[in-house]
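Worksheet: one structure, shown below.
Just follow the structure's listing: the first ligand is 1, and inside any ligand the first atom is 1. For the single chain, residues carry numbers from 1 onward in sequence order.
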Amino acid sequence: MGSLLSISDIKDDVKFILELASKIKAGEMEEKPLEGKTLAMIFEKSSTRTRLSFDVGMHQLGGRAIFLSSNDLQMGRGEPISDTAKVLSRFVDGIMIRAKKHSDVEELSKYSDVPVISGLTDFEHPCQSLADMLTIKEHLGDWEGKKICFVGDGNNVCNSLLLIAPLLGMDISVACPKGYEPAEEILKTAKEYAQENKTEITVTDDIGVALENVDVVYTDVWVSMGDEAESAQRKIDFAPFQVNADLMALANDGAIFMHCLPAIRGQEVTADVIDGPQSVIYDEAENRMHAQKAVLYYYMKD
Ligand code: CP
Ligand code: NVA
């Protein structure tokens, strides 16, 4: 069955997982499909939504989740990731991990006998983009022919959106300052997906160009976890990319505003936008749980 470290890992099943998520959300799911199953949740970084949504989601599917802070695990004292993976595999049926380094999650997955699900690394945030796409479908009716614009840092959240959008028939643009573009490796793969699905990808520092014909405006923090040392410079570099009412006016009428949260009002987005009528941020947060229940079912059901 493999692991979910990148949207590319579910390239051919993204639609299936999202349809399953809609059914689960609508209550069209057998009772307790993961009864007796346990998910270990390793966190090397802070979390509100990811921790809660996986924990409550496992419970609702009839299983249980165990929170493991890397500060308390022997892994935090230097126990090899390979040993951690092999030992955890003897106890649990799946491992969810939020890690500082994507390569550490790849290593965990390599040595694990049970599925590993990423709850964010420095490179991708696949469960977030699944929840985002569920939210877009609910608000816009479909993905096909729609366009999303990610404004800000070409970070983990942006990378997963770049991969998932073309797989669902959406165009995607990224408006970012020079030097903060998404990873080359991601762009290369995303462009292949776009070619296969006849969609468009644009990366530009011209906000006007990026916002042309856009149905979804998405942003994220300027300073991600791990980038704190660059905080002062980033606040200067990203200032022109703040999502405010003037920027929203460049998008289509009826466009929605999205943010993975946590947000800093007054930095990447103004309060009138994030708390305004176009914002769907709380649906988006709730959908983390519905999307991840589908992921848990997909990877852990016998
Ligand atoms: N969006 C998201 O992953 O939130 P948390 O950091 O609170 O888990
Ligand atoms: N890009 C942000 C997302 C937080 C959910 C970070 O990595 O900190």
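- Side chains of Thr219 and Glu268: a donor-acceptor N/O pair is absent below 3.5 angstrom, by distance only.
- Listed by chain and number, the residues in a salt bridge (Lys or Arg N to Asp or Glu O under 4.0 Å) with Asp132 amount to none (sequence neighbours excluded).
- Between Tyr298 and Phe16, the ring planes lie tilted relative to each other; the angle falls in the 30° to 60° range.
- Which parts of ligand 2 touch Leu261 is read off a 4.0 Å heavy-atom cut-off, strictly below it: atoms 5 (C).
- In this structure, Met75 belongs to a hydrophobic cluster whose other members, linked by side-chain heavy atoms under 4.5 Å apart, are Leu5, Ile42, Ile66, Leu68, Leu73, Ile81, Val87, Leu88, Phe91, Val92, Ile95, Ile97, Val105, Leu108, Val114, Val116.
- On a distance-only criterion, Met225 and ligand 2 share at least one N/O pair closer than 3.5 Å.
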Could you walk me through whether Asn287 and Glu138 pass the side-chain hydrogen bond (donor to acceptor under 3.5 Å, both in side chains) test, one step at a time?
CA-CA 10 Å; Asn287 279 336; Glu138 288 173 356; 3.1 Å; yes
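- A side chain to side chain contact (heavy atoms under 4.5 Å, CB included) with Arg265 is found for exactly one of Asp272, Asp275, Thr270, namely Asp275.
- Under a 4.0 angstrom heavy-atom cut-off, Asp122 registers as lying outside contact with ligand 2.
- By the 3.5 Å distance cut-off applied to N or O atoms, Ser224 is counted among the residues near ligand 2.
- Two residues are said to be in side-chain contact when any heavy atoms from C-beta on lie closer than 4.5 Å; Leu18 and Trp143 meet this criterion.
- Listed by chain and residue number, the protein contacts of ligand 1 are Ser47, Thr48, Arg49, Thr50, Arg98, His125, Gln128, Cys260, Leu261, Arg288 (heavy atom within 4.0 angstrom).
- Considering both main-chain and side-chain atoms, Asn156 comes within under 3.5 Å of ligand 2 through a nitrogen or oxygen pair.
- The nearest heavy-atom contact from the protein to atom 4 (C) of ligand 2 is Leu120 CD1, 3.9 Å.
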Report the C-alpha separation of Ser173 and Thr202 in whole Å, then their side-chain angles, then the decisive distance to 0.1 Å, and conclude whether the side-chain hydrogen bond (donor to acceptor under 3.5 Å, both in side chains) test is met.
CA-CA 4 Å; Ser173 58; Thr202 316; 5.6 Å; no
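- Of the protein's heavy atoms, Asp220 OD2, 3.7 Å lies nearest to atom 3 (C) of ligand 2.
- Partners of Glu30 under the side chain to side chain contact (heavy atoms under 4.5 Å, CB included) rule, at least two apart in sequence or in another chain, are Pro33, Tyr297, Lys301.
- Phe150 and Phe238 fall into different hydrophobic clusters, where Ile, Leu, Val, Met, Phe, Trp and Tyr are joined by side-chain heavy atoms under 4.5 Å apart, directly or via other members.
- Taking only nitrogen or oxygen atoms, main chain and side chain alike, Lys45 does not reach within less than 3.5 Å of ligand 2.
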